[in-house]
Every structure is written in C-alpha cells, then in structure tokens.
Amino acid sequence: MRASSIISSVMLAAALTGCSGELPTQPGTSTPYTDLPPVKTTVSGIIFDPEAFHFAAATFPPGDPSDPTAPPPPPRMLVLGIPYMMRATPVGATVSVMNGGTVADSSSDTVTPGATWQLAQGVPRDESITYAIRAEASQDGIVIGAAEAFPAPDFEPMPQARYHPTTSLSPLRTLNTSCVSQIAMVVGEAGALSALATHTGSSINQLLTGGVALVWVLSPGFFFDFENNPLGGVSMTKESGPGTVYALDWAKPGTVAGQSPMGFYVSSEPVSPLGYYAVVVPPGATDPVALGFTDTVTTPEGEQPGEFGPRPFPLAPASIQVGPGVSVMRTSAFPSLSFPPPPPDEEYVPGTDLSFLCR
C-alpha cells in the first residue's frame with residue numbers, strides 16, 4: 001500500500017471520529033457555545049403637549065391683513081423650529097416604552113428644548129408584542145411654553161400646570177431593528193382635564209382613577225404623523241364599551257364659563273368644532289371602548305374642494321383600551337380623492353414600505 005493511501009485513510013478516520021464524538025475541552029474551561037443576546041429594536045422620536053400646541057397656534061399673533069408681503073402663519077407641523085412645536089415641548093419630561101404595565105425601556109435623558117428622545121437600551125424585537133409609549137414628568141417637573149423665546153405681551157403666556165403620566169394609544173410594533181420618529185405626548189391639568197373636572201364636578205384625581213382618553217381628530221396630511229391640523233365637524237360616538245363621551249372646544253381663556261387655564265371647555269354640542277373629544281370611564285372598567293367617526297361636513301356643490309378632495313372625509317373606527325390615568329389618541333381622516341386604475345401595460349411599481357412607522 002502506498003504511503004499516500006495510508007495517510008489518506010488515517011485522515012479520513014480521524015475526520016469521521018471527530019464528527020461522531022464531542023470536541024475535547026480543556027480541563028476547567030466552559031463550553032465554547034453561548035446563547036446569543038435577544039435582538040432589540042431601538043426606539044426614538046419627538047414629544048409634545050398637544051393641548052399646548054393648539055394653544056400656541058390659536059393665540060399666535062396675527063399678521064397684518066393689509067400687508068400683502070406679510071408671511072402666512074406657520075404650518076401646524078411637529079417640526080422643530082415651528083413656533084407651536086417649540087412652545088409645546090415639555091422640557092423635563094421622560095419617555096418610556098411599556099409592555100402592558102411593565103416598563104420595557106426608558107429614555108436615557110430628560111427632554112430638552114430639542115424635543116427629541118431616545119431609549120437607553122432598546123426593547124426586545126417581537127412582532128407579537130404591542131408596545132405603548134408613555135411620557136411623564138421627571139422629578140424636577142415639566143416646563144412648557146419656551147417663555148424666553150416667546151415673551152409676553154407679544155405672545156400669550158403659556159399656563160403652567162401639574163403633568164400626569166400620559167400613554168399614547170398609537171400602537172408600537174417592532175417591525176424593524178429601529179423605530180424612529182415615534183411621537184410621545186404628555187398632558188397636564190391646564191387643559192381638558194381641568195375642563196372635565198369642572199363640568200362633571202369630580203376632581204381630576206377622581207376622573208383618572210377610572211381613566212380618561214383624549215382623542216384628537218386630524219385632517220388628512222401628506223407627512224404622516226407630523227401634520228397636526230384638527231378637523232372640526234367630525235362626530236365621535238361610542239359604539240360599545242364603558243364610559244361617557246364629551247365633546248371639547250376651545251376659546252381664548254377667560255371668555256367662556258367653565259374653561260380651563262388653557263381655554264378648553266366641554267361643549268354643549270355633541271359634535272366638537274375642534275375635533276377634540278374625551279372618553280371618561282368609571283373605576284374598574286376593563287372592556288375596550290369601540291369608537292365610530294362620521295364627518296358631518298359636506299362641501300357645497302360648486303365650491304372648489306381642498307387638496308384632499310371634498311368633504312365628507314372617510315374615517316376609520318377605533319377600539320381603545322382605557323385604563324387608569326390619562327391617554328391620548330390622534331386619528332387622521334382619509335382623503336376623499338379617487339384615482340383611475342393604471343393602464344394594463346403600465347409597469348408595476350410596489351407601494352412605499354411603511355414598516356418604519358412600526359404600526
């Protein structure tokens with residue numbers, strides 16, 4: 001037998017032995033295999049007080065209507081540099097991502113005038129889990145209004161108030177390794193909570209024992225969640241579940257009985273001219289609340305419709321879980337535009353991947 005054949009046979013036997021047996025380990029050493037850490041999703045975004053945003057927009061100094069060169073008012077967008085957003089940034093707030101009643105992760109720093117936040121570690125990536133974003137005041141409290149940049153009397157002073165932990169009712173699902181541009185919200189006692197307490201005769205703490213959900217109905221927009229134009233004239237009804245629905249409105253503070261310091265009050269009409277509602281549930285309620293929305297406004301015949309088509313706009317129903325404390329939901333109407341089908345020979349173009357929204 002040739003030497004080369006002997007060597008080949010020995011090497012093959014050694015290889016087969018290695019495949020069938022365990023790898024030798026040095027005495028005192030651990031196994032070379034370890035479990036990989038769980039995949040996590042980083043979460044970051046911006047934060048604002050939606051009631052302070054509306055107050056800032058509604059009280060923004062008007063331009064001179066006789067001056068054709070006067071700039072238009074700033075757009076209602078959640079973009080840093082817009083005066084409303086700057087005044088609605090809750091400096092001193094902290095943001096957490098919740099998995100049910102458990103904190104999955106929290107922001108590493110308190111919110112600065114930059115209005116941004118980012119989780120310190122990230123949350124486990126699991127598409128079966130629906131997370132929620134919660135914001136609250138730090139130990140030093142929250143300051144709102146950016147008074148140094150927007151001083152009185154040119155700008156209406158922003159009422160300061162105690163803030164409550166606020167949960168966003170927009171679901172957060174970890175569909176990617178990174179969820180950016182997520183919107184956290186926080187509300188205090190200077191807005192609808194104070195108006196509801198005055199209207200019902202209950203204290204704010206009593207209302208929050210069962211739970212209060214604040215719902216903003218918004219106009220259609222091109223920039224996803226970053227447009228913040230309230231849509232008045234939309235009816236919101238409770239289809240099923242516990243609680244009472246209240247329509248909310250706004251006027252300049254000090255002009256309507258029962259107003260909160262920011263000017264919000266409970267409307268005597270069932271349809272909110274502001275597109276702002278509250279659902280107040282009693283203590284112990286656990287069933288979800290099903291909500292229906294109907295646009296009650298019709299664009300008159302012959303009137304030029306807006307860029308999103310004539311009203312009424314279609315709106316999707318919603319089912320929300322209202323628990324103790326305060327929560328906020330923003331829901332947008334859909335455009336009423338219709339588009340003809342593409343020609344059969346037109347090349348197929350896939351739709352925009354919206355998984356970055358993490359919904």
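Count residues from 1 along the sequence. A quick note: this is a predicted structure, and the numbers were derived from the prediction, not measured.
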Go through Ser128 and Asp126 one step at a time and tell me if the side chain to side chain donor-acceptor pair (under 3.5 Å) criterion holds. CA-CA 5 Å; Ser128 67; Asp126 187 337; 2.5 Å; yes

Could you see if Ile183 belongs to whatever hydrophobic cluster contains Leu175? Use Ile, Leu, Val, Met, Phe, Trp, Tyr and a side-chain cutoff under 4.5 Å. no

Show, in sequence, the C-alpha distance, side-chain angles and deciding distance for Met86 and Val79, and conclude whether the side-chain contact (heavy atoms from CB on, under 4.5 Å) test is met. CA-CA 9 Å; Met86 296 172 67; Val79 177; over 6 Å; no

Within the 4.5 Å heavy-atom criterion, are Leu78 and Ile46 side-chain neighbours or not? yes

Between Ser235 and Thr296 the two heavy atoms that sit nearest each other are CB-CG2, 4.0 Å

- Message: I'd like to check Thr294 versus Leu315 (side-chain heavy atoms, cut-off strictly below 4.5 Å). Are they in contact?
- Response: no

Rounded to the nearest 0.5 angstrom, the OG-CG distance for Ser203 and Leu196 is 12.0 Å

For the pair Val95 and Ile47, evaluate side-chain contact (heavy atoms from CB on, under 4.5 Å) and give the outcome as yes or no after the intermediate values.
CA-CA 8 Å; Val95 180; Ile47 182 173; 3.9 Å; yes

OG (Ser219) and CG (Asn229) are apart, to the nearest 0.5 Å, by 5.5 Å

Report the C-alpha separation of Gln121 and Lys40 in whole Å, then their side-chain angles, then the decisive distance to 0.1 Å, and conclude whether the side-chain contact (heavy atoms from CB on, under 4.5 Å) test is met.
CA-CA 8 Å; Gln121 303 295 331; Lys40 290 193 173 184; 4.2 Å; yes

Please assess Arg330 against Asn228 for the test side chain to side chain donor-acceptor pair (under 3.5 Å), listing each intermediate value before the final yes or no. CA-CA 9 Å; Arg330 300 165 72 229; Asn228 200 57; 3.0 Å; yes

Side chain proximity check, Lys252 to Gln259, heavy atoms < 4.5 angstrom:
no

All heavy atoms of Ser106 vs all of Ser96, minimum pair found to be CB-OG, 3.4 Å

Does any N or O in the side chain of Thr59 come within less than 3.5 Å of the main-chain N or O of Phe55, such that one atom is a donor and the other an acceptor? yes

* Asked: Can you tell me if Gln321 uses its side chain to pair, donor with acceptor, with the backbone of Thr286 under 3.5 Å?
  -> yes

Does Arg173 reach the side chain of Ile129, with side-chain heavy atoms less than 4.5 Å apart?
no

Determine whether Phe60 and Pro74 make a side-chain contact, defined as any pair of heavy atoms from C-beta on separated by less than 4.5 Å.
yes

> Between Phe313 and Phe308, does the ring centre distance come in under 6.0 Å?
Replying inline: no

Considering only heavy atoms from C-beta outward, does the side chain of Phe293 approach that of Pro317 to under 4.5 Å? no

Hits for side chain to side chain contact (heavy atoms under 4.5 Å, CB included) against Ala88, two or more places apart or cross-chain, chain-then-number order -> Phe48, Ala52, Phe53

The reported gap from OG in Ser194 to CD in Glu51 (rounded to nearest 0.5 angstrom) is 10.0 Å

Q. Do Pro282 and Pro242 come within less than 4.5 Å of each other through their side chains, counting heavy atoms only?
A. yes

Correct closest heavy-atom pair for Ala115 and Met85 would be CB-CE, 4.0 Å

Check your understanding: Between the main-chain N or O of Thr174 and the side-chain N or O of Glu127, is there a donor-acceptor pair closer than 3.5 Å?
Key -> no

Can a donor-acceptor pair be found, under 3.5 Å and without considering hydrogens, that links the side chain of Trp117 to the backbone of Asp109? no

Ignoring hydrogens and angles, tell me if any N or O in the side chain of Lys238 forms a donor-acceptor pair with the backbone of Val289 under 3.5 Å. no

**OP:** Measure the acute angle between the ring planes of Phe264 and His54, then classify it against the limits of 30° and 60° as parallel, tilted or perpendicular.
**Re:** tilted

Residues Pro50 and Val328: closest non-hydrogen pair is CG-CG1, 4.4 Å

ask   = Taking Trp216 for the side chain and Tyr276 for the main chain, is one N or O donor matched with an acceptor at less than 3.5 Å?
value = no

By side chain to side chain contact (heavy atoms under 4.5 Å, CB included), His164 pairs with (sequence neighbours left out) Arg162, Glu189, Leu193, Ile204, Asn205, Leu208, Val326

| query | Judged by atom type as modelled, is there a donor-acceptor pair below 3.5 Å linking the side chain of Gln118 to the main-chain atoms of Thr116? | reply | no

(message) According to a hydrophobic-cluster definition based on side-chain heavy atoms being under 4.5 Å apart (Ile, Leu, Val, Met, Phe, Trp, Tyr only), do Tyr131 and Met98 belong together?
(response) no

Residues Ser178 and Thr41: closest non-hydrogen pair is N-CG2, 3.9 Å

- Item | Any donor-acceptor N/O pair, Tyr277 side chain to Ser272 backbone, under 3.5 Å | yes

### Task
Mark yes or no for whether Gln206, through its side chain, and Ser202, through its backbone, hold a donor-acceptor pair below 3.5 Å.
no

Minimal heavy-atom distance between Ser138 and Thr110, with the atoms involved, is CB-CG2, 3.9 Å

Going only through I, L, V, M, F, W and Y residues with side-chain contacts under 4.5 Å, is there a path from Met185 to Val91? no

CG of Asp105 to CG of Leu119, rounded to nearest 0.5 Å, is 4.5 Å

Those residues at least two apart in sequence (or on a different chain) that pass salt bridge (Lys or Arg N to Asp or Glu O under 4.0 Å) with Glu136 are Arg134

Checklist entry - Sub-3.5 Å donor-acceptor pair from the side chain of Ser267 to the main-chain atoms of Glu269, do we have one? => result yes

Distance col, row Ser327:OG vs Ile320:CD1, nearest 0.5 angstrom, shows 6.0 Å

**OP:** With the side chain counted from C-beta on, respond yes when Cys358 and Gln182 share a heavy-atom pair under 4.5 Å apart, and no when they do not.
**Re:** yes

Given the rule that I, L, V, M, F, W and Y join up when any side-chain heavy atoms are under 4.5 Å apart, are Phe334 and Phe222 in one cluster? no

Q) Just checking, is any N or O donor in the side chain of Tyr265 or Asp249 under 3.5 Å from an acceptor N or O on the other one? A) yes

Taken to the nearest 0.5 Å, the spacing of Arg125 CZ from Thr42 OG1 works out to 10.5 Å

* Evaluate the side-chain contact (heavy atoms from CB on, under 4.5 Å) criterion for residues Val279 and Leu291: first the C-alpha distance (whole Å), next the side-chain angles of each, then the deciding distance (0.1 Å), finally the verdict. => CA-CA 10 Å; Val279 181; Leu291 301 174; 4.3 Å; yes

**Asked** Is Val143 reachable from Val187 through a run of I, L, V, M, F, W or Y residues, each pair having side-chain heavy atoms under 4.5 Å apart?
**Response** no

